[in-house]
J.: 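Let me begin by handing over the structure; questions about it come next.
We count residues from 1, following the sequence as given. Excluded from the calculations below are hydrogen atoms, water molecules and symmetry mates; all remaining heavy atoms, backbone and side chain alike, are included.
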Amino acid sequence: MRSEWEKLFTAQRSYRSNDKEAFIRGCEAAYQHQQSKVDELTEQRDSFIKAYEIEMDKSVELQKRVDELKVGCGLQRDHIKGLEAELKKAWTTVDQAGHKNHDLVMLLNFIKEHFEMNDLDKAMPRVYEKLEQALKGGGDANQ
């Protein structure tokens with residue numbers, strides 16, 4: 001397929017060689033036609049470059065957000081690890097306290113049974129009452 005420029009150039013060559021002004025006008029028209037194509041392509045290139053720069057700016061901003069999120073996640077992970085360590089320590093303390101409480105309850109039950117077997121519950125009713133309250137977990141045993 002022949003381009004517009006080729007058509008114009010061929011048309012100008014067909015003029016007689018002594019008609020130089022017509023030939024020059026034809027060449028100028030062909031040049032202007034080609035220049036308009038160059039201008040159009042330059043404009044397209046410039047708009048593509050601008051779109052590319054906009055997309056690159058967006059990409060840079062997104063990468064910054066990703067990096068910030070990575071840092072935030074790392075801080076959260078460190079915080080969670082710290083909480084896990086504190087939780088393990090707390091469970092160990094609670095578990096140890098539970099064993100101590102269990103041992104104390106066993107001892108109080110033993111004392112209560114000793115009171116009942118030796119009729120001390122009747123001889124020392126206030127002490128026996130406080131002992132029962134302590135075993136039930138109700139009331140203040142120091143009153």
Side-chain angles (χ1 to χ4, degrees), residues 1-118 120-121 124-143:
M1 181 172 151
R2 293 176 58 171
S3 73
E4 192 68 27
W5 183 82
E6 288 178 35
K7 289 178 187 175
L8 287 171
F9 187 74
T10 305
Q12 294 308 315
R13 282 183 41 204
S14 66
Y15 284 106
R16 289 177 282 156
S17 60
N18 61 359
D19 194 2
K20 290 182 181 177
E21 285 181 25
F23 180 74
I24 290 172
R25 280 193 309 272
C27 288
E28 286 175 351
Y31 171 79
Q32 288 174 354
H33 177 75
Q34 289 302 99
Q35 189 59 42
S36 69
K37 285 184 176 182
V38 168
D39 292 343
E40 182 181 327
L41 291 172
T42 302
E43 190 176 305
Q44 284 180 359
R45 181 204 62 196
D46 292 345
S47 69
F48 287 139
I49 289 172
K50 186 173 183 171
Y52 172 78
E53 288 171 348
I54 289 170
E55 291 302 315
M56 286 304 296
D57 289 344
K58 288 180 184 177
S59 176
V60 167
E61 288 300 316
L62 287 174
Q63 188 59 48
K64 285 179 185 176
R65 287 181 59 197
V66 166
D67 292 343
E68 289 171 0
L69 288 173
K70 283 181 182 179
V71 169
C73 287
L75 293 174
Q76 289 295 327
R77 187 174 28 253
D78 292 345
H79 181 68
I80 288 170
K81 286 181 181 179
L83 290 175
E84 286 176 344
E86 289 179 32
L87 183 61
K88 284 180 184 178
K89 193 185 304 182
W91 271 116
T92 302
T93 303
V94 167
D95 194 36
Q96 289 172 351
H99 285 296
K100 288 179 183 176
N101 285 343
H102 178 69
D103 292 344
L104 183 58
V105 169
M106 295 291 287
L107 179 62
L108 289 175
N109 276 326
F110 174 76
I111 293 170
K112 181 182 175 206
E113 288 173 9
H114 184 69
F115 261 69
E116 291 170 349
M117 288 185 337
N118 294 313
L120 294 175
D121 55 330
M124 295 189 282
R126 287 182 53 193
V127 174
Y128 183 77
E129 183 181 309
K130 298 294 180 191
L131 181 62
E132 280 188 322
Q133 284 179 353
L135 283 169
K136 290 179 183 176
D140 188 1
N142 293 328
Q143 289 180 347

J.: Is there a donor in the side chain of Gln35 and an acceptor in the side chain of Asp39, or the other way round, less than 3.5 Å apart?
T.: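 Yes, Asp39 and Gln35 have a side-chain donor paired with an acceptor closer than 3.5 Å.
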
J.: So does Glu43 have more than 12 non-hydrogen atoms from other groups sitting under 6.0 Å from CD?
T.: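 Open: at most 12 neighbouring heavy atoms sit under 6.0 Å from CD of Glu43.
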
J.: Rounded to the nearest 0.5 Å, what's the gap from CG on Leu41 to CZ on Phe48? Could you check?
T.: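 So the gap between those two atoms works out to 10.0 Å.
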
J.: Which value, rounded to the nearest 0.5 Å, describes the distance between Cys73 atom SG and Asp78 atom CG?
T.: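 CG of Asp78 is found 11.0 Å from SG of Cys73.
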
J.: Kindly compute the distance separating CG (Leu62) from CG (Asp57), expressed to the nearest 0.5 Å.
T.: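 Going from the CG atom of Leu62 to the CG atom of Asp57 covers 11.0 Å.
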
J.: Can you confirm whether Lys130 sits close enough to Val127 that some side-chain heavy atom of one is under 4.5 Å from a side-chain heavy atom of the other?
T.: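 They are not in side-chain contact.
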
J.: Is there a donor-acceptor contact under 3.5 Å from the side chain of Thr93 to the main chain of Lys89?
T.: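 Yes, the answer is positive, given that a donor and an acceptor are paired below the 3.5 Å cut-off.
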
J.: Let's go through Ile80 and Glu84 carefully: what are the C-alpha distance in whole Å and the side-chain angles of both, what is the deciding distance for side-chain contact (heavy atoms from CB on, under 4.5 Å) to 0.1 Å, and is it a yes or a no?
T.: CA-CA 6 Å; Ile80 288 170; Glu84 286 176 344; 4.0 Å; yes

J.: With side chain to side chain donor-acceptor pair (under 3.5 Å) as the test, would you mind laying out the steps for Asp67 and Gln63 before giving the verdict?
T.: CA-CA 6 Å; Asp67 292 343; Gln63 188 59 48; 3.0 Å; yes

J.: List the steps, then state whether salt bridge (Lys or Arg N to Asp or Glu O under 4.0 Å) holds for Glu61 with Lys64.
T.: CA-CA 5 Å; Glu61 288 300 316; Lys64 285 179 185 176; 3.6 Å; yes

J.: Near Met117 CE, under 6.0 Å, is it more than 12 heavy atoms from other residues, nucleotides or ligands?
T.: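 It does: Met117 CE has more than 12 such atoms within range.
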
J.: Quick one: does Ile54's side chain get under 4.5 Å of Lys58's, heavy atoms only?
T.: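 Contact flag for Ile54/Lys58 side chains = yes.
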
